[in-house]
Number of protein chains: 2
Amino acid sequence: MRIGELSRRTGVSVRLLRYYEEQGLLRPERQPSGYREFREADVATVGRIRSLLGAGLGTAEISGVLDCFVEDCERLVPTCAEMLGDLERARERMTGMIDDLQESRRMLDAVIAAGPSEEPERAMLYRP
Amino acid sequence: MRIGELSRRTGVSVRLLRYYEEQGLLRPERQPSGYREFREADVATVGRIRSLLGAGLGTAEISGVLDCFVEDCERLVPTCAEMLGDLERARERMTGMIDDLQESRRMLDAVIAAGPSEEPERAMLYRP
DNA sequence: CTAAACTCTGACATCGGTGTGAGAGTCAAT
DNA sequence: ATTGACTCTCACACCGATGTCAGAGTTTAG
């Protein structure tokens, strides 16, 4: 499919899709006219890119992570042994982020469960 | 403590600490000379700010989240009822990020467990 | 053939988060 | 009083991610 269709189906702007290609996150084929030709699987890839960006990973790390997966195959294989260290570091980083988010969410849960204060002025700020 | 000490203890630059104050994330007292005076609790606050930024939240959302907590108190109280909606949305957003990170981490785990491929050229990329 | 829609590349711009430097005031030890 | 370290504000700069626009080529339906 062409870039406009991918944009409509993913909700991601054409500008950003070109930027993702520039950053190595997407690798569309090119027609003789120079037009990009994306694959059906790219719809899911763009979704993944968006969620990883939203979760704080940068394009360079996402590119490395995406390089690890093999499409339409039960067995996932890293493209080379050297990437294992990178993958493990990416994994650790994700674990740290998950831990941070979970702890923050627990605190939010406690605040939400407490309900609105009847005396907001009395409540001191977390950073007084 | 003064800004230089907070910077050393947290590993965060003086420039960033001033930026965080500018964004409402930190609220140091001011001495008559204009010097900032931070609290011991600000060391932990800065740590939390860093991890939330790293996890993809922006300074505006972090400021709202930090406003919800009460220092040195068993019971956490939101400062006003209107924030509950914001807190719940922040909570949902964190849940979405956690889910995304966990799914990506599961995929990384599968790749790492598979070990290095002996024929990396044979492996197709996730985005072929 | 025509026209509208689509796409190309390149360039400029914005915003958030970050770094660096200038000029001047403050602090604290000597 | 002096001096080195620290701190203040302001300004400029960079980078990543994003948006907008211009000029020109391509596609597709009529």
Side-chain angles (χ1 to χ4, degrees), chain A residues 1-39 42-43 45-66 90 93 96-97 100-101 104, chain B residues 1-39 42-43 45-66 90 93 96-97 100-101 104:
Chain A
M1 79 196 81
R2 292 204 317 238
I3 198 166
E5 182 179 349
L6 184 58
S7 175
R8 284 189 295 278
R9 293 179 62 184
T10 59
V12 174
S13 71
V14 165
R15 174 71 187 86
L16 268 186
L17 294 175
R18 293 195 183 114
Y19 176 71
Y20 294 163
E21 184 200 14
E22 189 180 306
Q23 297 302 309
L25 304 186
L26 291 169
R27 290 176 183 152
E29 304 266 321
R30 290 299 186 119
Q31 294 177 336
S33 60
Y35 276 30
R36 294 168 177 83
E37 186 69 28
F38 294 92
R39 293 169 176 77
D42 286 329
V43 177
T45 302
V46 170
R48 183 163 298 281
I49 292 168
R50 295 300 291 165
S51 64
L52 289 174
L53 278 175
L57 274 72
T59 52
E61 193 167 17
I62 294 172
S63 179
V65 166
L66 290 176
R93 194 158 120 74
M97 290 170 138
D100 288 339
L101 285 167
S104 295
Chain B
M1 76 195 85
R2 292 205 314 238
I3 199 168
E5 183 179 349
L6 183 59
S7 174
R8 283 189 298 277
R9 292 178 62 185
T10 60
V12 174
S13 71
V14 165
R15 172 74 185 87
L16 268 186
L17 295 175
R18 293 195 182 116
Y19 176 73
Y20 293 162
E21 184 200 15
E22 188 180 308
Q23 298 300 308
L25 305 185
L26 291 170
R27 290 176 185 153
E29 303 266 318
R30 288 297 185 119
Q31 294 178 334
S33 60
Y35 276 30
R36 293 169 178 82
E37 186 67 30
F38 294 92
R39 294 171 175 75
D42 287 329
V43 176
T45 302
V46 171
R48 181 165 301 281
I49 291 167
R50 295 299 292 164
S51 64
L52 289 173
L53 277 174
L57 274 73
T59 51
E61 194 168 14
I62 293 174
S63 180
V65 167
L66 290 176
R93 193 158 119 73
M97 289 169 139
D100 288 338
L101 286 167
S104 295

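Below, read A as the first sequence line, B as the second, and so on, with proteins coming before strands; counting in each chain starts at 1.
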Nearest to side-chain heavy atoms of A:Ser13, which nucleotide of D:dG19, C:dT7, C:dG19 =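 Per side-chain heavy atoms of A:Ser13, the pick is D:dG19.
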
For B:Ala60 and A:Glu5, find the nucleotide of DNA chain C closest to each by heavy atoms; which residue's nucleotide sits nearer the 5' end?
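Nearest nucleotide further toward 5': that of A:Glu5.
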
Practice task
Between B:Leu16 and B:Arg2, just flag the one whose closest nucleotide in DNA chain C comes earlier from the 5' side.
Solution key: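 In this pair, the answer is B:Leu16.
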
Rounded to the Å, how far apart are [X] [atom1] and [N] [atom2]?
| X | N | atom1 | atom2 | value |
| --- | --- | --- | --- | --- |
| B:Met1 | C:dC27 | CE | P | 18 Å |
| A:Glu22 | D:dA17 | CD | P | 11 Å |
| A:Arg15 | C:dA13 | CZ | C1' | 11 Å |
| B:Gln23 | C:dT18 | CD | P | 10 Å |
| A:Gln31 | C:dT7 | CD | C1' | 10 Å |
| B:Leu17 | D:dT7 | CG | C1' | 13 Å |
| A:Ile49 | D:dT18 | CD1 | P | 10 Å |

Next on the checklist: What's A:Arg18 touching, base or sugar-phosphate or nothing? Going by heavy atoms closer than 4.0 Å.
Outcome noted: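 Answer is base: heavy atoms of A:Arg18 come under 4.0 Å of a base.
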
*DNA chain D: A:Ser33 or A:Tyr19, which has the more 5' nearest nucleotide?*
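Looking at the nearest nucleotide for each, A:Tyr19 comes out on the 5' side.
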
Quick one: on DNA chain D, does B:Arg8 or B:Glu21 contact a more 5' nucleotide (nearest heavy atom)?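 Final value for this comparison: B:Arg8.
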
So, does [X] get its side chain near the phosphate of [N], meaning an N or O under 4.0 Å from OP1 or OP2?
| X | N | result |
| --- | --- | --- |
| B:Thr59 | C:dG16 | no |
| A:Tyr35 | D:dG25 | no |
| A:Arg30 | C:dT9 | yes |

Minimum side-chain heavy-atom gap B:Arg30-B:Glu37 below 4.5 Å:
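No, their side chains stay 4.5 Å or more apart.
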
Checklist entry - Do B:Tyr20 and B:Val12 have side chains that get closer than 4.5 Å, going by heavy atoms? => result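 In contact.
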
Indicate yes or no for a side-chain donor-acceptor contact from A:Ser104 to the backbone of A:Asp100 under 3.5 Å, with no hydrogens or angles considered.
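Flag set: sc A:Ser104 to bb A:Asp100 pair under 3.5 Å.
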
Run through A:Arg2, A:Arg18, A:Arg27 and flag the one making a side-chain contact (heavy atoms from CB on, under 4.5 Å) with A:Arg36.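 That would be A:Arg18.
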
